[in-house]
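So the structure is just underneath, and the comments pick up after that.
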Number of protein chains: 2
Amino acid sequence: MTQSPDVKAPDFADLDEAVAILRERGMRLSTSRRLVLDALFRAGTPVTAEGVATELGLDLASVYRNLETFERQGLVRHVHFGHGPGLYMLSGHDDREYLFCEQCGAVRALEPAQLEPVREQIRKLSGYEARFAHFAIVGRCPDCQRA
Amino acid sequence: MTQSPDVKAPDFADLDEAVAILRERGMRLSTSRRLVLDALFRAGTPVTAEGVATELGLDLASVYRNLETFERQGLVRHVHFGHGPGLYMLSGHDDREYLFCEQCGAVRALEPAQLEPVREQIRKLSGYEARFAHFAIVGRCPDCQRA
DNA sequence: ATACTTGCAAATGATTTGCCAGTGT
DNA sequence: ACACTGGCAAATCATTTGCAAGTAT
């Protein structure tokens, strides 16, 4: 099952630091792991497991396993926009939260700080601590509202 | 594909009114359709397609087809909480929006009016018109925050 | 040396689709 | 009658799991 992190997201700025973190935690650093991590650093955008597997010529199942491992270590997270596969990205580097236009598919990112008042509203209303990081906020973008 | 409604949600208070609406629109009122609709009226809570199929002894595929038909007619909508199957409910009757605790699974419903300020914030921030009706807002409930 | 990782194949879970027999209007 | 609907089986899509063979430490 796709998991929330087991540990707090550590700080890391590049592949070497990420690798160091994993090593400190006693994880094995296989070639595939390094490649997957590297692919995430190189991609400017959230990527699908399938995209990574194809790009690297690795088995899809292994990519999913690696992504889940990284996710448990707090190095990676993934977001669900409407249907379709989850999108994976480095956490820490890309902690933005997403708005997804259900009509045209447009994606808009917001910084966590910008959404804080929204979270605050929800907190007041319900006591729930909303985490928009996992499911994008679905709605309609300005363009599609005009249409 | 699971669709947004093709038409505005009509008003209907009971099975007969719902049936009347469908009939006006030239849809056939098969026994199964009536049964599925009735099951939704009887259920106090959002239900899965599977639950309906099992309860009624209908084929799962047909139930999905019927639910989608109703959804296109604006009579039904479905929401996704974390993983797992979508939950279907009558629209109009149950237009609330949901908060889902990703840790314990607790569900909390809010009236659309209550969430209006939240939508307003998001509108100001991004121009997006958020529709929490399709994906629940995921977060942690008060109990799980304590834990 | 040995426990952890891989690729491959097969299993899952949710939902959809093809097809032909059955039924509402 | 005829177009639309239902059941059944099989297909899809995203993701997970079992297993034997390979590899990092």
Side-chain angles (χ1 to χ4, degrees), chain A residues 1-4 6 19-39 46-73 76-88 134-136, chain B residues 1-4 6 19-39 46-73 76-88 134-136:
Chain A
M1 185 192 299
T2 313
Q3 284 290 151
S4 297
D6 288 348
V19 165
I21 289 164
L22 293 175
R23 179 154 289 150
E24 275 165 30
R25 297 186 184 169
M27 325 232 68
R28 279 188 197 183
L29 251 294
S30 62
T31 317
S32 320
R33 290 225 171 127
R34 219 178 288 260
L35 283 171
V36 170
L37 224 31
D38 184 49
V47 292
T48 61
E50 167 119 58
V52 173
T54 303
E55 181 197 336
L56 302 177
L58 297 177
D59 189 77
L60 183 52
S62 305
V63 171
Y64 271 113
R65 275 189 285 231
N66 284 336
L67 289 172
E68 200 202 327
T69 299
F70 299 149
E71 202 154 17
R72 269 209 290 260
Q73 296 299 321
V76 163
R77 70 190 185 90
H78 76 269
V79 177
H80 291 284
F81 297 85
H83 311 284
L87 295 184
Y88 292 77
H134 185 62
F135 278 159
Chain B
M1 186 191 299
T2 315
Q3 282 293 149
S4 296
D6 289 346
V19 165
I21 289 165
L22 293 175
R23 179 156 287 151
E24 276 166 30
R25 298 187 184 170
M27 325 231 66
R28 280 190 196 179
L29 251 295
S30 62
T31 317
S32 321
R33 289 224 172 129
R34 219 179 288 260
L35 282 171
V36 170
L37 224 29
D38 184 51
V47 293
T48 62
E50 166 119 58
V52 173
T54 303
E55 180 196 338
L56 302 177
L58 297 177
D59 189 77
L60 183 51
S62 305
V63 171
Y64 270 113
R65 274 189 284 232
N66 284 336
L67 289 172
E68 201 201 326
T69 299
F70 299 149
E71 201 154 19
R72 269 210 288 259
Q73 296 299 320
V76 163
R77 69 188 184 92
H78 76 269
V79 177
H80 291 284
F81 297 85
H83 310 284
L87 295 184
Y88 292 78
H134 185 62
F135 279 158

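So that the names make sense, note that chain A is the first sequence line, chain B the second, and so on, each numbered from 1.
Within the 4.5 Å cutoff, the side chain of A:V79 has no heavy atoms near those of the A:P46 side chain. Side chains of A:H80 and B:H80 form no contact here, defined as non-hydrogen atoms less than 4.5 Å apart. Between B:E55 and B:V47, every side-chain heavy-atom pair lies at or beyond the 4.5 Å cut-off. Side-chain atoms of B:V52 and B:N66, non-hydrogen and from C-beta on, never get closer than 4.5 Å to each other. When side chains are defined from C-beta on, A:L87 counts as touching A:T48, because their heavy atoms get closer than 4.5 Å.
Between the CG atom of A:L67 and the C1' atom of D:dA14 there is a distance of 13 Å, rounded to whole Å. Computed from coordinates, the A:E71 CD to D:dT15 P distance equals 11 Å when rounded to whole Å. Regarding B:Y88, its OH atom lies at a distance of 12 Å from the P atom of C:dA14, rounded to whole Å. Rounded to whole angstrom, the span from the CG atom of B:L22 across to the C1' atom of C:dG24 amounts to 14 Å. We find that CD of B:E68 is positioned 16 Å from P of D:dC4, with the value rounded to whole Å. In this structure, A:H83 atom NE2 and C:dT16 atom C1' are separated by 12 Å, rounded to whole Å. We find that CG of A:L60 is positioned 13 Å from C1' of C:dA9, with the value rounded to whole Å. Rounded to a whole Å, the OH atom of B:Y64 is 13 Å from the P atom of C:dG13.
In this structure, B:R23 contributes its side chain and B:L29 its backbone to no donor-acceptor pair below 3.5 Å.
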How does DNA chain C read in dot-bracket, base by base from 5' to 3', with Watson-Crick or G-U pairs under 3.5 Å and | used when the partner is on another strand? ||||||||||.|||.||||||||||
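Each of B:A61 and B:S32 lies near DNA chain D, and the nucleotide nearest B:S32 is the one positioned closer to the 5' end. In terms of position on DNA chain C, the residue among B:D59 and A:T69 whose nearest nucleotide sits closer to the 5' end is A:T69.
Within 4.0 Å of A:L58, counting heavy atoms only, lie sugar-phosphate atoms of the nucleic acid but no base atom.
Results of the ring pair (Phe, Tyr, Trp, His ring centres under 6.0 Å) test with A:H78 over A:Y88, A:F70, A:F135 single out A:Y88 as the only residue that passes.
Remark: B:T31 pairs with B:L35 by the side-chain contact (heavy atoms from CB on, under 4.5 Å) rule, at least two apart or across chains.
The side chain of B:S62 sits closest to D:dG6 out of D:dT16, D:dG6, C:dT16. Counting only heavy atoms from C-beta on, B:R33 has its side chain closest to D:dT5 among C:dT6, D:dA14, D:dT5. Nearest to the side-chain atoms of A:N66 among the listed nucleotides D:dT16, C:dA14, C:dT6 stands C:dT6.
The nearest pair of heavy atoms linking A:L58 to A:S32 is CD1-CB, 4.0 Å.
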Generate the contact string for nucleotides 19-25 of chain D. Rules: B means base contact, S means sugar-phosphate contact only, - means no protein heavy atom under 4.0 Å. ----BBS
